[in-house]
Amino acid sequence: MESALGAVRGRAPGAVFAAACPSRVVLDHVTSKWGVLVLIALADGPQRWSELRRRAEGISEKMLAQTLRTLEADGIVHRDAQPVIPPRVDYSLTERGVELVTHLLPLFGWVVEHADEIVGDSR
């Protein structure tokens, strides 16, 4: 743990805690509830908008569209619009997105493993 923390400090000593640090924007995008679920879903491979909406139960159309636009603008998700009728749009992870998901999956696994225990204790 100390070596990972040291690596972060070495790249941007003290800056990650500064309000203006760009890392805060990226953290907000990739660690939002919907951002994480979309990224984890896309780890299974390219998917259409409707597939993502079904998988992330409870997400509104507006939130899914906003989340995908944000992740696409960040270079984490690729949007492939095919000029066919009816229109077909597929979403997939970019190389940066694949790299990010390799770091998110252990966190997500930990959350899944401990969620019942943690939520059960807080009720």
Set of side-chain hydrogen bond (donor to acceptor under 3.5 Å, both in side chains) partners for [X], sequence neighbours left out:
| X | answer |
| --- | --- |
| Asp28 | none |
| Arg79 | Tyr91 |
| Arg69 | none |

Between the OG1 atom in Thr67 and the NZ atom in Lys62, the distance rounded to the nearest 0.5 Å is 11.5 Å
Rounded to the nearest 0.5 angstrom, the CZ-CZ distance for Arg48 and Arg54 is 9.5 Å
Any side-chain heavy-atom pair of [X] and [Y] under 4.5 Å:
| X | Y | answer |
| --- | --- | --- |
| Leu100 | Leu104 | yes |
| Leu52 | Leu68 | yes |
| Val101 | Leu93 | yes |

Indicate every side-chain donor-acceptor pair of residues 31-43 with a distance under 3.5 Å to a residue at least two apart or in another chain.
residue, atom, partner, partner atom, Å
Thr31, OG1, Leu27, O, 2.3
Ser32, OG, Gly35, N, 2.9

Are there over 12 heavy-atom neighbours, none belonging to Gln82, within less than 6.0 Å of that residue's CD?
yes
Between Leu105 and Val30, is there a shared hydrophobic cluster once you connect ILVMFWY residues whose side-chain heavy atoms come closer than 4.5 Å? yes
Asp44 and Arg55 have their tightest heavy-atom pair at OD2-NH2, 2.7 Å
Checklist entry - Within the distance-only criterion (no hydrogens, no angle test), does the side chain of Thr70 pair as donor or acceptor with the backbone N or O of His29 below 3.5 angstrom? => result no
Practice prompt. Test His78 against Glu72 for side-chain contact (heavy atoms from CB on, under 4.5 Å), laying out the working first.
Written response: CA-CA 6 Å; His78 174 71; Glu72 181 185 7; over 6 Å; no
The complete set of salt bridge (Lys or Arg N to Asp or Glu O under 4.0 Å) pairs with one or both residues in residues 84-100, sequence neighbours excluded, reads Arg88-Asp90
Residue pairs meeting ring pair (Phe, Tyr, Trp, His ring centres under 6.0 Å), one or both in residues 95-117, sequence neighbours left out, come to Trp110-His114
